[in-house]
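Down below is the structure, laid out as structure tokens.
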Amino acid sequence: MTTPRVPPGGRRDVGVVNWLACGVAGLVAGTGPPNLFLTLARRRGLFRGWLWFAGRLMPGGTLPRRETELVILRVAHLRDCRYEFDHHVRIAGRCGVRKRDVERVKDGPSAEGWTPRERAILAAADGLHADRDLDDATWTRLRAHLTEGECVELTMLVAHYEMLATVIATLRVQPDHPRHS
């Protein structure tokens, strides 16, 4: 990764409200204010709108948090987005995602140990990543475990983190450093 194309903003660049939101996000993630947030917050109103939307998917979504984090980790792995992967590894542990799950998520839905529901969700993430669509067989397996509404949410979750990986790569957002205790 090279230097950031848009560097993270300071309090003056992002405004007091956004600066405080970024600080809280860093506390939750176990880092300083996330570089992604400080970069996006340079566009103040857009950042707040995005934060509201993203928060409705995670942590405010209806899918179990463990599953949400598995999907985010899978998308980040498929997109080779270290920033998002590392950020969510720090969060996922608090949601029941163990170290062996993090390693297994790299192997995908065919890895041993997933529940049928987790396998269906991860297969959907793979299909949406590869084809930007789901074939009928994947959709049928997914619907055996998720309601229609949950399928809408899952599709939006995957697409959102695909979009975020694009933004992170394009803007060359630099890694966050864990907060030292």
Side-chain angles (χ1 to χ4, degrees), residues 1-97 101-102 105 121 125 128-129 132 146-147 149-181:
M1 184 164 298
T2 62
T3 59
R5 287 182 167 161
V6 178
R11 186 175 63 215
R12 206 177 230 163
D13 303 308
V14 304
V16 174
V17 172
N18 289 345
W19 180 259
L20 292 172
C22 292
V24 169
L27 288 173
V28 170
T31 65
N35 287 329
L36 174 63
F37 283 32
L38 290 173
T39 301
L40 298 180
R42 286 180 162 277
R43 203 71 175 140
R44 295 175 186 193
L46 181 60
F47 171 69
R48 286 190 300 275
W50 167 78
L51 198 57
W52 183 86
F53 171 75
R56 296 293 296 171
L57 290 170
M58 193 292 294
T62 61
L63 294 171
R65 280 297 305 280
R66 173 182 159 77
E67 293 172 1
T68 298
E69 291 300 330
L70 290 173
V71 166
I72 294 167
L73 289 170
R74 183 66 182 159
V75 171
H77 172 72
L78 292 171
R79 288 296 307 265
D80 195 25
C81 185
R82 287 298 325 162
Y83 183 96
E84 202 61 50
F85 194 86
D86 292 346
H87 181 78
H88 279 275
V89 163
R90 288 188 290 270
I91 296 170
R94 296 188 299 254
C95 303
V97 177
D101 297 324
V102 171
V105 83
I121 288 169
L128 290 166
H129 170 76
R132 307 292 186 255
L146 273 66
T147 66
E150 288 171 326
C151 288
V152 169
E153 183 176 333
L154 176 68
T155 304
M156 292 183 76
L157 179 70
V158 171
H160 175 258
Y161 279 91
E162 287 276 351
M163 179 270 308
L164 211 49
T166 300
V167 171
I168 290 165
T170 303
L171 299 181
R172 312 290 195 263
V173 176
Q174 300 296 298
D176 296 323
H177 301 290
R179 186 183 307 276
H180 299 288
S181 340

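- Side-chain contact between Arg172 and Thr3: absent, with no pair of heavy atoms (C-beta onward) separated by less than 4.5 Å.
- Within a 6.0 Å sphere centred on CZ of Arg132, other residues, nucleotides and ligands contribute more than 12 heavy atoms.
- For Thr39 against Pro7, the heavy-atom pair with the smallest separation is OG1-C, 4.1 Å.
- For the atom pair CG (Leu146) and CD (Glu153), the distance works out to 9.0 Å, reported to the nearest 0.5 Å.
- Taken from CZ in Arg44 to CG in Asn18, the straight-line distance is 7.0 Å, to the nearest 0.5 Å.
- Two residues are said to be in side-chain contact when any heavy atoms from C-beta on lie closer than 4.5 Å; Asp80 and Phe85 fail this criterion.
- Minimum interatomic distance between Pro178 and Thr31 (heavy atoms only, all atoms of both residues): CA-CG2, 4.1 Å.
- Note on ring orientation: taking the six-membered ring where Trp is involved, the planes of His87 and Tyr83 are parallel (angle under 30°, cut-offs 30° and 60°).
- Side-chain atoms of Leu78 and Arg74, non-hydrogen and from C-beta on, do get closer than 4.5 Å to each other.
- Rounding to the nearest 0.5 angstrom, the gap separating the CD atom in Glu150 from the OG1 atom in Thr155 is 11.5 Å.
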For this session: Under the side-chain contact (heavy atoms from CB on, under 4.5 Å) rule, what do Val105 and Glu69 come out as? Steps first, then yes or no, please.
Result: CA-CA 10 Å; Val105 83; Glu69 291 300 330; over 6 Å; no
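- Asp176 and Pro33 make their closest contact through OD1-O, 4.3 Å (heavy atoms, listed as atom of the first residue, atom of the second, distance).
- Considering every non-hydrogen atom in both Gly96 and Asp101, the closest pair reads O-OD2, 3.8 Å.
- The number of heavy atoms from other shown groups lying within 6.0 Å of CE (Met156) does not exceed 12.
- Within a 6.0 Å sphere centred on CZ of Arg56, heavy atoms belonging to other residues, nucleotides or ligands number 12 at most.
- Residue pairs meeting the salt bridge (charged side-chain N to carboxylate O under 4.0 Å, His left out) criterion with at least one partner in residues 33-43, sequence neighbours excluded, are Asp13-Arg42.
- With Arg65 as the fixed residue, the side chain to side chain contact (heavy atoms under 4.5 Å, CB included) test singles out one of Ile91, Leu70, Val97: Ile91.
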For this session: Begin from the C-alpha positions of Val71 and Val158 and carry the test side-chain contact (heavy atoms from CB on, under 4.5 Å) through to its verdict.
Result: CA-CA 7 Å; Val71 166; Val158 171; 3.6 Å; yes
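- Under the 4.5 Å side-chain criterion, counting only non-hydrogen atoms from C-beta, Ile72 is in contact with Leu157.
- Within a 6.0 Å radius of CZ in Arg66, more than 12 heavy atoms belonging to other residues, nucleotides or ligands are found.
- To the nearest 0.5 Å, atoms CD1 (Ile121) and SG (Cys151) are separated by 9.0 Å.
- Side-chain contact between Arg79 and Thr166 is present, with heavy atoms from C-beta onward closer than 4.5 Å.
- To the nearest 0.5 Å, the span separating CH2 on Trp50 from CZ on Phe37 amounts to 4.0 Å.
- With contacts defined as side-chain heavy-atom distances shorter than 4.5 Å, the pair Leu164/Leu36 qualifies.
- In this structure, Pro175 and Asn35 approach most closely via the heavy-atom pair O-ND2, 3.1 Å.
- Here NE2 of His88 is found 10.0 Å from OG1 of Thr68. Values are rounded to the nearest 0.5 Å.
- Inter-residue side-chain proximity for Cys22 and Phe47 is flagged as met; some heavy-atom pair is nearer than 4.5 Å.
- Looking at heavy atoms from C-beta onward, Glu84 lies out of side-chain contact with Val75 at the 4.5 angstrom threshold.
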For this session: Start with the C-alpha distance between Met163 and Val167, add both sets of side-chain angles, then the distance that settles side-chain contact (heavy atoms from CB on, under 4.5 Å), and finish with yes or no.
Result: CA-CA 6 Å; Met163 179 270 308; Val167 171; 3.8 Å; yes
